[in-house]
Amino acid sequence: MRTVLNVIWLLLCGIWLAIGYVLAGVVCCLLIVTIPFGLASFRMADFALWPFGRQLVRRADAGAPSTIGNVIWIIFAGWWLALAHLTTALALAITIIGIPLAWANLKLIPVSLVPLGRVIVDNDDVQARYPTVY
């Protein structure tokens, strides 16, 4: 079922989200100072392509620099992305087939708000490798 949902997601909205995140990542990497944001944007693009069966987990070695970076990210880009995902989720939830896709959009809100100091892992690996789960 996870694969079917991921394929439907990819065809309907995942590819467009991923393209947007990749373009933002390229722009961030061109502006040397914002390379960490560009790398985070590439991680978000990967998650946006195939969200079902994966989740966001805090890295154990994430410290103050990622917290400061996340605050900057939220101010300039994060809340816009979260609002876009929320709006898209509400629009998708209107239809019956769109409810799982709306759920995937809601799953993308935490990664769009605080991408630094997080890692995306398969659901099967979460309990074994990461005791603290978000």
Side-chain angles (χ1 to χ4, degrees):
M1 188 63 168
R2 180 186 321 176
T3 304
V4 172
L5 287 172
N6 275 322
V7 169
I8 293 170
W9 169 265
L10 180 68
L11 295 175
L12 293 180
C13 53
I15 192 74
W16 303 111
L17 285 170
I19 288 170
Y21 281 126
V22 166
L23 289 174
V26 168
V27 169
C28 286
C29 285
L30 289 175
L31 306 168
I32 306 292
V33 176
T34 56
I35 287 176
F37 299 118
L39 298 176
S41 186
F42 293 141
R43 276 195 310 275
M44 288 187 282
D46 177 47
F47 195 37
L49 276 176
W50 213 250
F52 293 98
R54 301 190 311 172
Q55 62 185 7
L56 185 67
V57 176
R58 174 180 274 183
R59 285 184 15 207
D61 61 345
S66 56
T67 302
I68 293 168
N70 281 329
V71 169
I72 294 169
W73 177 266
I74 288 171
I75 292 169
F76 290 106
W79 72 278
W80 286 102
L81 292 170
L83 184 64
H85 284 297
L86 182 63
T87 305
T88 306
L90 291 173
L92 286 168
I94 292 172
T95 66
I96 293 173
I97 195 165
I99 291 172
L101 304 178
W103 185 253
N105 252 309
L106 293 176
K107 241 173 74 167
L108 286 166
I109 290 176
V111 75
S112 68
L113 280 174
V114 286
L116 302 174
R118 308 291 193 265
V119 64
I120 299 162
V121 297
D122 289 332
N123 284 344
D124 302 333
D125 296 339
V126 171
Q127 296 302 328
R129 292 174 50 190
Y130 301 95
T132 307
V133 178
Y134 279 87

>> Is there a path of hydrophobic side-chain contacts, each under 4.5 Å between heavy atoms of I/L/V/M/F/W/Y residues, joining Val33 to Ile72?
In response: no

> Taking the six-membered ring for Trp, are Phe37 and Trp73 parallel (under 30°), tilted (30 to 60°) or perpendicular (over 60°)?
Replying inline: parallel

>> Side-chain heavy atoms nearer than 4.5 Å, only ILVMFWY residues, links allowed to pass through others: does that put Ile120 and Leu81 together?
In response: yes

>> Measuring only between side-chain heavy atoms, which start at C-beta, is Met44 closer than 4.5 Å to Leu108?
In response: no

>> Measuring only between side-chain heavy atoms, which start at C-beta, is Ile15 closer than 4.5 Å to Ile19?
In response: yes

> What's the spacing between Cys13 SG and Ile8 CD1 if we round to 0.5 Å?
Replying inline: 10.5 Å

>> Give me the atom names and distance for the closest heavy-atom approach of Cys29 to Leu39.
In response: SG-N, 4.5 Å

>> I'd like to know if the side chain of Trp103 and the backbone of Ile99 have a donor-acceptor N/O pair within less than 3.5 Å.
In response: no

> Under a 4.5 Å side-chain heavy-atom rule over Ile, Leu, Val, Met, Phe, Trp and Tyr, are Leu92 and Leu17 clustered together?
Replying inline: yes

> Got more than 12 heavy atoms from elsewhere within 6.0 Å of CD1, Ile96?
Replying inline: no

>> Assigning hydrophobic clusters by single linkage (Ile, Leu, Val, Met, Phe, Trp, Tyr; side-chain heavy-atom cutoff under 4.5 Å), is Tyr21 placed with Phe76?
In response: yes

> What are the two closest heavy atoms between Trp9 and Leu101, and how far apart are they?
Replying inline: CZ3-O, 3.3 Å

>> Using every non-hydrogen atom in the two residues, find where Pro100 and Leu5 come nearest and quote the distance to one decimal.
In response: CB-CD2, 3.7 Å

>> Can you give me the closest heavy-atom contact between Val121 and Val57, atom names plus distance?
In response: CG2-CG2, 3.6 Å

> Does the side chain of Pro51 reach to within under 4.5 Å of the side chain of Asn6, using non-hydrogen atoms?
Replying inline: yes

> Can you name the closest pair of heavy atoms from Ser112 and Ile109 and give their distance?
Replying inline: OG-O, 2.8 Å

>> Please check this pair: side chain of Arg43 against backbone of Pro115, looking for a donor-acceptor N/O pair closer than 3.5 Å.
In response: yes

> Are Trp16 and Leu49 connected in the hydrophobic side-chain network, where two residues link if heavy atoms are under 4.5 Å apart?
Replying inline: yes

>> Give me the atom names and distance for the closest heavy-atom approach of Ala24 to Ser41.
In response: CB-OG, 3.8 Å

>> Given 3.5 Å as the limit, does a donor-acceptor pair link the side chain of Trp50 with the main chain of Thr3, or not?
In response: no

>> Salt bridge check, Asp122 against Arg2: does any charged N sit closer than 4.0 Å to a carboxylate O?
In response: no

>> Taking atom CG as the centre, does Leu31 end up with more than 12 heavy-atom neighbours from other residues, nucleotides or ligands that are less than 6.0 angstrom away?
In response: yes

